[in-house]
Structure formats: C-alpha cells, structure tokens
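The structure appears right after this line, and notes come after that.
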Amino acid sequence: MRSITAKLVLGFAIVAVVGVLIVAFLMSRYTTGEFGSYVARGINARDQRAADYLAERYGAAGWQGVRASLPALSHWTGMRLVVVDSSGVAVADSEGWLALGEPASSLPGSTVPILVDGKPAANLYVTPPSPASAGSAAPSGMMDHMMAAGTVRSMMEMMLPATNGGSEVQFLDVLGQATWTAGGVALVVALLVGLGLSYRITSPVRRLTAAAGRVSAGDFAQRVPVDSGDELASLGNAFNSMAENLARNERQRKQLLSDVAHELNTPITVLQGNLEAMIDGLVEPTAERLSSLQEEALLLGRLVSDLRDLSLAESGYLHLRIEPVDVGELVKSVLSGVQAKADGRGIELSMEVEPSLPLPLVQADRDRVGQVLRNLLTNALRYTSPGGAVRVTAMAKSGSGARGDGAVLVSVEDTGVGISLEDLPYLFDRFFRVDRSRNRASGGTGLGLSVVKQLVEAHGGTVWAESEVGKGSVFHFTLPVVPTQSGKG
C-alpha cells in the first residue's frame, strides 16, 4: 500500500474501530455493574416498603391484616413472602406452604424486619416463588375484598413497580444495540473525515511532486501555490525558494558561459588574425606588433588564472597557506611592485600604516592577500588620470559600531573618475564593467573585483566600495585580528 490516502483512511478506520471496541467494552462493564447495583437498590427499597406496609397493616388490624395483605403483596412483587414472628413461628405465607404456628427456618432470599413503634415485631422473608405457584394470582374472593376496601390502591401508592428480569435484560440489549449503532456511525464519520483530511494533505503533495518532476526536467519556472500556514506550506515555500535559486543559478551559468566565450574570443581572435597575417606575409612581424601580441597572450593568461581562482574560491576548494602576516610590510611590498606602472602614468602612489598597528596582527595567506592588493591597485591606476593619486592605508579597528570592528582595515583610495550609485551594487559581480562597451582600453577581464571578494571572504573578512562620480573611489577590505598575538612585534 503506497497511497497516502489509503494509509490515512485505513488509519482512521482502525482508530475508529479500536475506539468503538474500547468504549463498548468499558460501557458494557460499567453499565452492567451500575445497573445491577441500581436493581439491587430497587429490590431492597421494594422489600423495605413491603415491610413498612405490613407494619402499617399490623398496627391497623393485627396479624389478620398482615395475612390479608400478603397475597396481594406477593402478586405485585412477583416473590414468595413469608412473615415470621420474633419467636421464629410462621405467621403468614403468601403461597400457603407453611401453616400458622409452624417453625420457619433456613428460608432462602432476603430478610427485612417489620418494625412496629420502632421495635421489631416480625421478619419478612422475600424468597423466589416456587415453580408450582409461579404466575398464579391471588384468590379472587380475597382480591375482591381488598379492592373493595381500597387495599390495592394504597398498596400501589406505597410499593415500587414489581421488577422483571426480562425487562432488565431487554434494557441492556437495547443499550448494547445503541452502542454498536453509535460505533458504526462513528466509523463512517471517521472514514469521511479521513478522506477529507487525506485529500487536503495529499493534494499539495501531488502538486509538489508534479512540479518537482518538471523542475528535474529543466523547467525551473515551476512554482507551487501556498495557501496555508502549516508544515506543508513550509515545504512549498522551501520548494519555491529552491526552484528560484536553481533558476537564478541557471541564468548565471548561461551568462557566465556567454561572458567567458566573449572574453576568450577577443584575445584569441587578435592573436589568430595577426599571426595569420604575419605567416602570409601581409604584416611585418615587428617588435611593436609582437609586443602587442604578447599583451594579448598575457591578458588571456590572466583571464584563465582569474577564472580558476574564482572557481576554486566559490566551490570552497581554494587552498590557503595561513601564516602570521605583517600587514604594513605586505602593503609596502605590493606598492613597490606597481610603483613603476604608477610612475609611468604620472600617478602619485603613497601608503599610510597606523603607527600603533601591532605586528603581526592577522593570520592569512600572504600571497592571496597580496593578490587582493594588486588587483585593487591595478584597478585604481587604470581609472585614475595622469596627475592623480592613489593611497593605501591600514589601521586596526576596534570598539562598537564600525564596519571593520575587531579587524585590520585596509583601504585603497584613488582620485579617478568615480563610480555611479547605480553601479556600486554590481562591482563585485563576474564580468561586470562600468564601461558597458567592454572596451579593453578602459577595463580588464571583468573578474578582478570578483576574485577580490572571494579571496577576502575566504579569509573571513568583508569587502565593500564607496565612490562618487568625478571624485574617485575607495575600496575597503578587512582581515580578522589574532587576539593572542596582538602584542607581538
């Protein structure tokens, strides 16, 4: 049985049947016991009223009145009644088996004292009727006399109705039938509720299954409606979120393939065209042309290298050689490497390291942090006009409220063209360029800042940019401090 609907309906049916059986069993035991106690109390009350009535008749007419009343009492109670005085001698027997004055002993049934003026005058024995006299009526002459005197009317007013074992059994049978009828109705209701509930549960599951099948086939636009606030709604929201992420990843994958193809195609086309022209003798292989081809080859190599680093960082497989790093010394070393390029473009290059910066302060991969600095400096020099300036600062951040709390903050500031507010959120996206034309004279591979972001985050830091068009840009990144080593130097 694989259907959830069938399982739910069967489960409800089993629960209903078990519930009905338990209720029927407990109700039968409790009702039978309580009804038996009720009948016993009724019989005791009946016998006591019979004794009280006989005491009244004794007070009015003596033993003669008792004898006259006994057959009618026996008829109404359905029992044999024997009255025995305090000496143990029979006074009256409703069936006439005991003669007057005959000793009476060992009579079956219950015994009720007959009290006259609060003192026991005799005992009333209530015993089952003998088979020979069962169902017999009292003599007609005596009954006529009693009815004429109003004896039966007064007796009926005092006595409880005579009990009948058949009526008791009939009552219990009716009660049992009512219990099983209620159980059958409960079972039907449980099955209907189970069907309704199973539909409400399985309907969204079926929709989710169908949508999942279409997503697995590549249709990432599939979504499931969410119209409740339960666990199924949470499952639907999770599915929709997953489908949205898959759709976004698919769009990014296609865009990445398109961007990579575009970026690789340009240097390859330049190299291929120039080399073919040189081979065919159409272009002279001068030093200037060969130098240009070398730049295209270097650009192609940087693109492949950046793609590799970016892929490793995003997948979590980038290997970092963590060691104590002197941030000030590292900044100075990187600046020395780009000093010649800055001088060639007439750009002033400077650094400012906080004097109180403890050394070493961070645990990091020296080469990767150097790569971050070189990418930021190369980017700053590219967009800074001759006569401008680029400055690198490093300082320790602590306290509350600062974005670089508990870290070393490194900033690369330039006086270049600046970046518009609309472009700032996308600076660290792959292949994003402020220059939409993708002119290589004004931009590199479009991966440098993406690599910077991945490398900084791999060290547990953050990176962000601040800029204003026409006033330059500032790129910040942080590296977490090492508390136990902050006093070294």
Leu427 and Phe475: side-chain contact (heavy atoms from CB on, under 4.5 Å), yes or no, with the steps? CA-CA 11 Å; Leu427 284 179; Phe475 286 82; 4.1 Å; yes
For [X] and [Y], which heavy atoms make the closest approach, and how far apart are they?
| X | Y | answer |
| --- | --- | --- |
| Ala68 | Pro71 | O-CD, 3.7 Å |
| Pro480 | His459 | CD-O, 3.5 Å |
| Val112 | Ala51 | CG1-CB, 3.6 Å |
| Arg57 | Val66 | CB-N, 4.3 Å |
| Ser411 | Leu409 | OG-CG, 4.0 Å |
| Ala364 | Val369 | CB-CG2, 3.8 Å |

Just how far is it from atom [atom1] of [X] to atom [atom2] of [Y], taken to the nearest 0.5 Å?
| X | Y | atom1 | atom2 | result |
| --- | --- | --- | --- | --- |
| Thr127 | Met79 | OG1 | CE | 6.5 Å |
| Leu246 | Gln222 | CG | CD | 12.5 Å |
| Leu115 | Leu54 | CG | CG | 12.0 Å |
| Phe239 | Glu244 | CZ | CD | 12.0 Å |
| Arg366 | Leu330 | CZ | CG | 5.0 Å |
| Ser94 | His75 | OG | NE2 | 12.5 Å |

Is the CZ atom of Arg248 crowded by more than 12 outside heavy atoms at less than 6.0 Å? yes
Can you tell me if Asp117 has over 12 outside heavy atoms packed within less than 6.0 Å of its CG? no
Distance-only, no hydrogens or angles: does the [X] side chain make a donor-acceptor pair with backbone N or O of [Y] under 3.5 Å?
| X | Y | value |
| --- | --- | --- |
| Ser467 | Gly472 | yes |
| Ser450 | Phe428 | yes |
| Asp93 | Val82 | no |
| Thr209 | Val205 | yes |

Quick one, [X] and [Y] - any side-chain contact, counting heavy atoms below 4.5 Å?
| X | Y | value |
| --- | --- | --- |
| Leu376 | Val452 | yes |
| Gln363 | Pro324 | yes |
| Pro204 | Val224 | no |
| Tyr58 | Ile114 | no |
| Val126 | Arg46 | yes |
| Leu449 | Asn375 | no |
| Val372 | Val456 | yes |
| Leu208 | Leu235 | yes |

Going through the distances and angles, do Val353 and Val327 end up as a side-chain contact (heavy atoms from CB on, under 4.5 Å)? CA-CA 9 Å; Val353 177; Val327 177; over 6 Å; no
Could you verify whether a donor N or O on one side chain and an acceptor N or O on the other, from Asp52 and Gln48, lie under 3.5 Å apart? yes
Arg308 vs Ser305, side-chain contact (heavy atoms from CB on, under 4.5 Å): CA-CA, chis, key distance, verdict: CA-CA 5 Å; Arg308 178 178 178 277; Ser305 178; 5.7 Å; no
Please collect all salt bridge (Lys or Arg N to Asp or Glu O under 4.0 Å) contacts where either partner lies in residues 13-26, sequence neighbours excluded, each pair once. none
side-chain contact (heavy atoms from CB on, under 4.5 Å) for Leu373 and Phe477? Distances and angles first, verdict last. CA-CA 10 Å; Leu373 278 170; Phe477 70 91; 4.0 Å; yes
